[in-house]
Amino acid sequence: MKIGALQKTSLIEFPGRISCIVFVQGCNLRCPYCHNPELVLPEKYLPLLSTSEVMGFLERRKKYLDGVVITGGEPFTDSDLLPFVKNIKELGYSVKIDTNGSFPEVIKNMMAGNLVDYIAMDVKGPYEKYEVMAGVKVDMSKIKESISLIKGSSIPYEFRTTVVKEMLEISDFEGIGELIKGAKLFYLQHFKPSKAVDTITLSYHTYSDEEFEEIRMTMLKYVERCEIR
Ligand code: SF4
């Protein structure tokens with residue numbers, strides 16, 4: 001596994017679980033506002049952590065943690081992911097995967113093998129802006145297939161969008177709503193400039209609380225629950 005970092009405890013990343021977070025190095029997208037450039041841009045990569053040391057940590061922490069969040073980067077770019085997750089499940093952990101939705105075939109395999117207990121998928125923007133938001137060409141049929149697999153499964157899930165004011169109009173959320181129509185849970189995430197794949201976005205903003213509420217109302221026409229974080 002290409003593990004770029006490990007956060008040893010989190011009370012918020014995995015709903016209902018005390019988890020640790022494994023950050024996978026590597027991503028197929030280049031979202032300009034991404035705040036993890038060291039997991040996305042090869043020239044910024046830091047030395048990898050040893051997979052066996054991370055497994056050793058998970059073995060020792062079984063008494064204190066009950067979930068493992070695998071995020072990135074994009075976890076599904078790592079061809080060693082499935083055996084890695086199998087080993088984690090064998091230790092008794094629940095697994096949450098964060099994904100950008102580009103690899104529906106791997107989502108399907110994980111679901112079939114009962115390897116995932118919660119899926120969080122980014123929805124970058126409405127259909128017509130997807131490639132600008134993702135910074136590269138995107139196969140939208142894969143994104144749509146992932147959305148439909150996730151919505152159709154019995155596994156708890158969330159969709160989420162990072163709200164960058166300079167890149168997403170309030171009206172764009174109608175298009176985002178159309179993409180995930182019927183979903184149970186959607187999160188609007190404040191964009192917080194700190195680090196970025198494209199540093200121009202460090203001067204970008206998010207919307208005001210009132211505008212977030214307006215966006216939330218728009219999304220509630222399409223999803224059962226919409227929360228702001
Ligand atoms: S925000 Fe975009 S570039 Fe960053 S890790 Fe997620 S999918 Fe990759």
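Order of listing sets the numbers, starting from 1, for every ligand and every atom in it.
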> Going by the order shown, which atoms of ligand 1 are within less than 4.0 Å of some heavy atom of Lys124?
Replying inline: 1 (S), 2 (Fe), 6 (Fe), 7 (S)
>> On the six-membered ring of Phe14, is Arg17 placed so that its NZ or CZ lies under 6.0 angstrom from the centre and within 45° of the ring axis?
In response: yes
>> Holding to side chain to side chain donor-acceptor pair (under 3.5 Å), I want the full list of residues that pass it with Lys195, two or more places apart in sequence or in another chain.
In response: Glu38
>> Once salt bridge (charged side-chain N to carboxylate O under 4.0 Å, His left out) is applied, do any residues pair with Lys89, and if so which ones, sequence neighbours excluded?
In response: Asp117
> Under a single-linkage rule joining Ile, Leu, Val, Met, Phe, Trp and Tyr whose side-chain heavy atoms are separated by less than 4.5 Å, which residues share a cluster with Val197?
Replying inline: Val40, Leu41
>> Restricting to distances shorter than 2.8 Å, give the number of protein N, O or S atoms close to atom 4 (Fe) of ligand 1.
In response: 1
> Is any side-chain N of the basic residue among Lys108 and Glu105 closer than 4.0 Å to the acidic one's carboxylate O?
Replying inline: no
> Passes salt bridge (Lys or Arg N to Asp or Glu O under 4.0 Å), Glu145 versus Lys142? Steps please.
Replying inline: CA-CA 5 Å; Glu145 191 182 343; Lys142 303 248 181 212; 5.8 Å; no
